[in-house]
Participant: 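After the C-alpha cells below, expect a handful of questions from me.
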Amino acid sequence: MELKFKDKTVKITCLYQWPTYQDLIVGIPYEKINQEILAKIHKKAIPFTHVENYYLVTPKQIPINIGRKYPFGKPMRLPGTVCVMGLKYHGTSNSEVGGTSSLTLICFQNSFGPPFEHEILNEIKNIEWFSYAKDNSWEEY
C-alpha cells in the first residue's frame, strides 16, 4: 500500500490502530485531555515503527453536547481511531547518498481503516517528504 506526499510516493511498511480513548477509564473527553493525548501520542507511536521522525496530522476536535456544564472543561472528542503508520521511501534527501528514508505518520480517523479519510490524504499530499523523513544511508544498515 502506498501514500502520496507532495513530492514522493511512499510505501506503508506497518499500520497500527487503536481506539483513541482506550485509556479513558471514567468521564467524557474534554479539551485538556485531548491536548494531552496529542502532545504525547508520538511517544506511544514511535515504539511501533522504530522511527523517531514523525508527522502528526492534527485532528479536529468535535464538541460533545451533554446538556449541562461539565466541571472539568469543554466536552470535546477526537476521531475515535488512532492510526500509526511506518512509511519508507527508497531514496534519501541527498541523491548522491544511497539508502532509504522513513517516517512515522500519526493520524486520527472515525473508523478503523484503510481506507484513510479524504481529509487525511489531502493534508498528506501537501507535505514535503524530506522535511520530516529520516535518511538512512546504506552504510547505516
Side-chain angles (χ1 to χ4, degrees), residues 1-67 69-141:
M1 181 173 235
E2 298 178 333
L3 287 178
K4 294 185 188 278
F5 281 70
K6 183 176 185 178
D7 54 344
K8 303 290 178 222
T9 298
V10 303
K11 298 242 184 242
I12 299 174
T13 59
C14 59
L15 170 65
Y16 299 90
Q17 298 178 313
W18 61 86
T20 302
Y21 298 108
Q22 74 178 5
D23 297 331
L24 184 64
I25 297 170
V26 67
I28 59 174
Y30 57 97
E31 286 178 302
K32 184 178 178 187
I33 286 176
N34 292 339
Q35 292 306 320
E36 289 173 6
I37 289 170
L38 295 175
K40 297 176 182 177
I41 195 67
H42 69 283
K43 292 177 183 173
K44 197 169 182 178
I46 289 170
F48 289 108
T49 63
H50 307 287
V51 178
E52 291 185 13
N53 290 46
Y54 71 93
Y55 184 86
L56 170 64
V57 177
T58 306
K60 293 180 184 172
Q61 293 192 51
I62 301 144
I64 301 171
N65 183 1
I66 62 170
K69 187 174 180 171
Y70 192 63
F72 303 108
K74 187 175 182 181
M76 302 286 274
R77 71 172 179 84
L78 296 168
T81 304
V82 177
C83 303
V84 173
M85 290 171 258
L87 306 176
K88 186 171 279 196
Y89 175 73
H90 289 282
T92 64
S93 60
N94 180 348
S95 61
E96 295 179 18
V97 177
T100 63
S101 50
S102 51
L103 179 69
T104 297
L105 180 69
I106 307 164
C107 59
F108 292 73
Q109 62 181 30
N110 290 310
S111 61
F112 281 86
F116 300 107
E117 294 175 359
H118 292 291
E119 288 179 4
I120 294 167
L121 296 175
N122 283 337
E123 182 170 338
I124 293 168
K125 73 180 181 183
N126 293 315
I127 298 169
E128 300 267 350
W129 172 256
F130 289 122
S131 294
Y132 296 94
K134 176 184 185 271
D135 285 345
N136 308 296
S137 71
W138 294 127
E139 295 169 3
E140 295 174 21
Y141 283 99

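All values below were derived from every heavy atom in this structure, side-chain atoms included, with hydrogens, water molecules and symmetry-related copies excluded.
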Participant: To check you understand the geometry: which heavy-atom pair defines the closest contact between C83 and L15, and what is its length?
Facilitator: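 Reported closest heavy-atom pair: CB-CD1, 4.5 Å.
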
Participant: Would you say F48 and C14 make side-chain contact, with heavy atoms under 4.5 Å?
Facilitator: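 Counting from C-beta outward, F48 and C14 never come under 4.5 Å.
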
Participant: Would you say the side-chain atoms of N34 pair up with the backbone N or O of Q61, donor to acceptor, closer than 3.5 Å?
Facilitator: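 Checked: no pair found.
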
Participant: For the atom pair OG (S101) and CG (N94), what is the distance rounded to the nearest 0.5 Å?
Facilitator: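 Spacing of OG (S101) from CG (N94) equals 12.0 Å.
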
Participant: Take atom CD of E119 as the centre, draw a 6.0 Å sphere, and report whether it contains more than 12 heavy atoms from other residues, nucleotides or ligands.
Facilitator: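 Open.
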
Participant: Show the nearest heavy-atom pair for residues Y21 and M76, with the distance to one decimal.
Facilitator: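 Looks like OH-O, 4.1 Å.
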
Participant: Roughly how far apart are I46 CD1 and Y54 OH, rounded to 0.5 Å?
Facilitator: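 Answer rounded to 0.5 Å: 7.0 Å.
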
Participant: Using every non-hydrogen atom in the two residues, find where F116 and Q17 come nearest and quote the distance to one decimal.
Facilitator: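 Closest approach of F116 to Q17, heavy atoms only: CE2-NE2, 4.5 Å.
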
Participant: Can you list every pair that meets salt bridge (charged side-chain N to carboxylate O under 4.0 Å, His left out) and has a residue in residues 2-14, with sequence neighbours left out?
Facilitator: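 Sorted pair list: E2-K11, K6-E128.
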
Participant: Drop me the distance from S102's OG to Y132's OH, to the nearest 0.5 angstrom.
Facilitator: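 Interatomic distance, S102 OG to Y132 OH, rounded to 0.5 Å: 16.0 Å.
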
Participant: Do you know the tightest heavy-atom contact between T81 and S111?
Facilitator: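 Reported closest heavy-atom pair: OG1-C, 3.5 Å.
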
Participant: Could you check whether any side-chain heavy atom of P29 comes within less than 4.5 Å of a side-chain heavy atom of I64, counting everything from C-beta outward?
Facilitator: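 SC-SC contact between P29 and I64 confirmed.
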
Participant: Side chains of D135 and Y89: donor-acceptor distance under 3.5 Å anywhere?
Facilitator: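 Judged by distance alone, the side chains do not pair up.
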
Participant: Tell me, with the steps shown, if V82 and Y16 meet side chain to side chain contact (heavy atoms under 4.5 Å, CB included).
Facilitator: CA-CA 8 Å; V82 177; Y16 299 90; over 6 Å; no

Participant: Roughly how far, to the nearest 0.5 Å, is CG of L103 from OG1 of T13?
Facilitator: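 T13 atom OG1 to L103 atom CG measures 10.0 Å (nearest 0.5 Å).
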
Participant: What is the minimum heavy-atom distance between T92 and V97, and which atoms define it?
Facilitator: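 Scanning both residues completely, I find the closest heavy atoms to be OG1-O, 2.7 Å.
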
Participant: Going through the distances and angles, do L87 and F5 end up as a side chain to side chain contact (heavy atoms under 4.5 Å, CB included)?
Facilitator: CA-CA 11 Å; L87 306 176; F5 281 70; 3.7 Å; yes

Participant: Does N110 offer a backbone N or O that forms a donor-acceptor pair with the side chain of E117 under 3.5 Å?
Facilitator: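 Such a contact is found between E117 side chain and N110 backbone.
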
Participant: Backbone N or O of G99 within a donor-acceptor pair of the S137 side chain at under 3.5 Å?
Facilitator: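 No: the side chain of S137 does not pair with the backbone of G99.
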
Participant: For a quick test of reading the model, state the closest non-hydrogen atom pair linking P59 to L78 and the distance between them.
Facilitator: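 Looking at all heavy atoms of both residues, the shortest contact is CG-CD2, 3.7 Å.
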
Participant: Hey, could you give me the CD1/NZ distance between I66 and K74, rounded to the nearest 0.5 Å?
Facilitator: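 Reported to 0.5 Å precision, the distance equals 12.0 Å.
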
Participant: For the residue pair Y70 and Y30, categorise the inter-ring angle as parallel (less than 30°), tilted (30 to 60°) or perpendicular (more than 60°).
Facilitator: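 Ring orientation of Y70 relative to Y30: tilted.
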
Participant: Under a 3.5 Å distance rule, please check whether T104 uses its side chain to pair with a backbone N or O of T49 as donor and acceptor.
Facilitator: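 Pair absent, no side-chain N/O of T104 close to backbone of T49.
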
Participant: Output the distance between atom CZ (F130) and atom CG (N53), rounded to the nearest 0.5 Å.
Facilitator: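 Rounded to the nearest 0.5 Å, the CZ-CG separation comes to 12.0 Å.
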
Participant: Quick one: salt bridge (charged side-chain N to carboxylate O under 4.0 Å, His left out) pairs with a partner in residues 28-51, sequence neighbours left out?
Facilitator: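 For residues 28-51: D23-K44.
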
Participant: With a 4.5 Å limit on heavy-atom distance, are the side chains of L121 and L3 in contact?
Facilitator: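 Answer yes - side chains close enough.
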
Participant: Could you give me the CA-CA distance, side-chain angles and deciding distance for F108 and L38, then say whether side chain to side chain contact (heavy atoms under 4.5 Å, CB included) is met?
Facilitator: CA-CA 10 Å; F108 292 73; L38 295 175; 3.6 Å; yes

